[in-house]
Amino acid sequence: QVQLVESGGGLVQAGGSLRLSCAASGRTSRSYTAAWFRQAPGKEREFVAAISWSSATYYADSVKGRFTISRDNTKNTVYLQMNTLKPEDTAVYYCAAKVGIIRTSGDDYGYWGQGTQVTVSS
(Lines give C-alpha, C1' and ligand atoms only; values in the text may rest on other atoms or scores of the structure.)
Protein backbone atom coordinates (compact mmCIF):
# COMPACT_ATOMS: atom_id res chain seq x y z
CA GLN A 1 0.00 0.00 0.00
CA VAL A 2 2.88 2.35 0.81
CA GLN A 3 6.22 2.11 -0.93
CA LEU A 4 9.39 3.70 0.47
CA VAL A 5 12.55 4.25 -1.55
CA GLU A 6 15.79 5.45 0.02
CA SER A 7 18.57 7.27 -1.76
CA GLY A 8 21.68 9.26 -0.95
CA GLY A 9 23.94 6.63 0.54
CA GLY A 10 27.56 6.29 -0.44
CA LEU A 11 31.15 6.35 0.68
CA VAL A 12 32.40 9.28 2.73
CA GLN A 13 35.46 10.00 4.84
CA ALA A 14 35.20 10.39 8.60
CA GLY A 15 34.05 13.89 9.47
CA GLY A 16 32.11 14.26 6.25
CA SER A 17 28.40 14.58 5.57
CA LEU A 18 25.64 12.82 3.65
CA ARG A 19 21.94 13.46 3.22
CA LEU A 20 19.62 10.51 2.85
CA SER A 21 16.19 10.80 1.27
CA CYS A 22 13.14 8.58 1.63
CA ALA A 23 10.41 9.05 -0.95
CA ALA A 24 6.97 7.63 -0.23
CA SER A 25 4.32 6.64 -2.74
CA GLY A 26 1.03 4.80 -2.69
CA ARG A 27 -1.65 5.30 -0.04
CA THR A 28 0.21 7.87 2.03
CA SER A 29 -1.18 9.98 4.85
CA ARG A 30 -0.18 13.29 6.40
CA SER A 31 -0.55 11.78 9.89
CA TYR A 32 2.27 9.25 9.65
CA THR A 33 5.47 8.98 11.63
CA ALA A 34 8.65 8.30 9.69
CA ALA A 35 11.89 6.94 11.06
CA TRP A 36 15.37 5.85 10.14
CA PHE A 37 16.95 2.62 11.35
CA ARG A 38 20.34 1.16 10.56
CA GLN A 39 21.97 -2.23 10.61
CA ALA A 40 25.69 -2.90 10.55
CA PRO A 41 27.13 -6.29 9.52
CA GLY A 42 26.68 -8.84 12.28
CA LYS A 43 24.68 -6.46 14.46
CA GLU A 44 21.03 -6.00 15.26
CA ARG A 45 18.93 -3.30 13.66
CA GLU A 46 18.95 -0.11 15.71
CA PHE A 47 16.83 3.01 15.88
CA VAL A 48 18.41 6.22 14.59
CA ALA A 49 15.80 9.00 14.41
CA ALA A 50 12.09 9.60 13.96
CA ILE A 51 9.78 12.45 13.04
CA SER A 52 6.04 12.66 13.66
CA TRP A 53 3.30 14.16 11.51
CA SER A 54 3.59 17.37 13.57
CA SER A 55 7.40 17.44 13.08
CA ALA A 56 8.26 16.39 16.63
CA THR A 57 11.61 14.56 16.53
CA TYR A 58 13.47 11.98 18.57
CA TYR A 59 17.05 10.78 18.20
CA ALA A 60 19.19 7.94 19.42
CA ASP A 61 21.87 9.14 21.84
CA SER A 62 24.60 8.02 19.45
CA VAL A 63 23.55 10.52 16.77
CA LYS A 64 22.24 13.48 18.79
CA GLY A 65 23.88 16.71 17.70
CA ARG A 66 25.15 15.17 14.46
CA PHE A 67 22.07 13.95 12.59
CA THR A 68 18.91 15.88 11.73
CA ILE A 69 15.67 14.33 10.52
CA SER A 70 13.19 16.44 8.60
CA ARG A 71 10.23 16.04 6.28
CA ASP A 72 8.63 17.77 3.34
CA ASN A 73 4.99 16.74 3.29
CA THR A 74 4.36 18.36 -0.08
CA LYS A 75 6.89 15.95 -1.59
CA ASN A 76 6.08 12.94 0.64
CA THR A 77 9.77 12.81 1.45
CA VAL A 78 11.75 12.39 4.67
CA TYR A 79 15.41 13.33 4.99
CA LEU A 80 18.27 12.43 7.27
CA GLN A 81 21.10 14.94 7.28
CA MET A 82 24.19 13.23 8.68
CA ASN A 83 27.13 15.40 9.73
CA THR A 84 30.44 14.63 11.40
CA LEU A 85 30.18 11.03 10.30
CA LYS A 86 32.17 8.38 12.13
CA PRO A 87 33.28 4.92 11.00
CA GLU A 88 30.84 3.42 13.49
CA ASP A 89 28.00 5.02 11.50
CA THR A 90 28.72 2.54 8.70
CA ALA A 91 25.56 0.52 8.09
CA VAL A 92 22.65 -0.05 5.79
CA TYR A 93 20.13 2.68 6.54
CA TYR A 94 16.43 1.92 6.27
CA CYS A 95 13.48 4.25 6.08
CA ALA A 96 10.31 3.14 7.87
CA ALA A 97 6.82 4.53 8.43
CA LYS A 98 3.83 3.97 10.65
CA VAL A 99 0.52 5.59 11.47
CA GLY A 100 0.50 7.46 14.77
CA ILE A 101 3.09 8.50 17.33
CA ILE A 102 6.84 7.99 17.47
CA ARG A 103 8.11 4.60 18.58
CA THR A 104 11.70 3.35 18.68
CA SER A 105 11.08 -0.33 18.02
CA GLY A 106 11.22 -1.49 14.43
CA ASP A 107 8.44 -3.95 15.22
CA ASP A 108 6.03 -1.01 15.39
CA TYR A 109 6.66 0.05 11.80
CA GLY A 110 4.72 -1.57 9.01
CA TYR A 111 6.36 0.00 5.97
CA TRP A 112 10.02 -0.31 5.05
CA GLY A 113 12.32 0.68 2.25
CA GLN A 114 15.02 -1.54 0.80
CA GLY A 115 17.87 0.33 2.44
CA THR A 116 20.83 2.38 1.29
CA GLN A 117 24.45 1.68 2.17
CA VAL A 118 26.44 4.27 4.09
CA THR A 119 30.15 3.61 4.46
CA VAL A 120 32.39 5.92 6.49
CA SER A 121 36.10 5.41 6.03
CA SER A 122 38.85 6.48 8.40
Side-chain angles (χ1 to χ4, degrees):
Q1 293 182 337
V2 177
Q3 293 79 234
L4 305 176
V5 179
E6 303 97 333
S7 62
L11 175 64
V12 64
Q13 294 184 4
S17 299
L18 285 172
R19 190 177 81 155
L20 306 183
S21 298
C22 174
S25 62
R27 298 179 65 86
T28 58
S29 171
R30 290 193 295 269
S31 62
Y32 71 89
T33 285
W36 290 92
F37 293 80
R38 66 187 183 186
Q39 187 167 23
K43 300 182 67 176
E44 296 294 320
R45 179 182 60 198
E46 66 173 339
F47 171 81
V48 176
I51 185 166
S52 73
W53 64 270
S54 61
S55 296
T57 59
Y58 187 78
Y59 298 90
D61 288 341
S62 60
V63 305
K64 285 181 180 177
R66 299 189 298 121
F67 291 10
T68 302
I69 189 170
S70 61
R71 68 193 299 165
D72 185 341
N73 290 334
T74 65
K75 299 179 180 178
N76 286 328
T77 300
V78 177
Y79 305 96
L80 185 67
Q81 178 66 47
M82 305 185 293
N83 297 327
T84 319
L85 283 161
K86 305 174 181 179
E88 50 263 46
D89 294 318
T90 295
V92 177
Y93 283 70
Y94 297 92
C95 180
K98 66 183 292 293
V99 175
I101 64 174
I102 289 174
R103 300 290 190 187
T104 59
S105 171
D107 293 339
D108 293 323
Y109 291 79
Y111 305 102
W112 292 85
Q114 294 299 303
T116 185
Q117 177 71 48
V118 172
T119 302
V120 184
S121 65
S122 60

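Because the structure is predicted, anything quoted here is derived from the model rather than measured.
- Residue W112 comes nearest to G106 through the heavy atom pair CZ2-O, 3.4 Å, listed as atom of the first residue, atom of the second, then distance.
- Between the CD atom in Q117 and the CG atom in L11 there is a gap of 9.5 Å [rounded to 0.5 Å].
- Using a 4.5 Å cut-off on side-chain heavy atoms (C-beta onward), T104 and F37 make no contact.
- Every residue meeting the side-chain contact (heavy atoms from CB on, under 4.5 Å) condition with S25, not counting sequence neighbours, appears here in chain and number order: Q3.
- Within 6.0 Å of atom NZ in K64, more than 12 heavy atoms from other residues, nucleotides or ligands are found, so the atom counts as buried in its surroundings.
- Counting only distance, with no hydrogens or angles, the side chain of Q81 and the backbone of R19 share no donor-acceptor pair below 3.5 Å.
- Checked against side-chain contact (heavy atoms from CB on, under 4.5 Å), D107 has the following partners two or more places apart in sequence or in another chain: R45, S105.
- Nearest heavy atoms, C95 versus L4: O-CD1, 3.7 Å.
- Contact annotation: the side chain of D89 approaches that of R38 to within less than 4.5 Å [non-hydrogen atoms, C-beta and beyond].
- More than 12 heavy-atom neighbours from other residues, nucleotides or ligands sit within 6.0 angstrom of OH on Y59.
- Side chain of Q114 to backbone of V5: no donor-acceptor contact under 3.5 angstrom is found.
- Other residues, nucleotides and ligands place no more than 12 heavy atoms under 6.0 Å from the CD atom of Q13.
- Among pairs with a residue in residues 94-103, none fulfils side-chain hydrogen bond (donor to acceptor under 3.5 Å, both in side chains), at least two apart in sequence or across chains.
- Relative to the ring axis of Y32, R71 places its NZ or CZ within 45° and under 6.0 Å from the centre.
- When side chains are defined from C-beta on, E6 does not count as touching L20, because their heavy atoms never get closer than 4.5 Å.
- Between the side chain of T33 and the backbone N or O of G100, at least one donor-acceptor pair lies under 3.5 Å.
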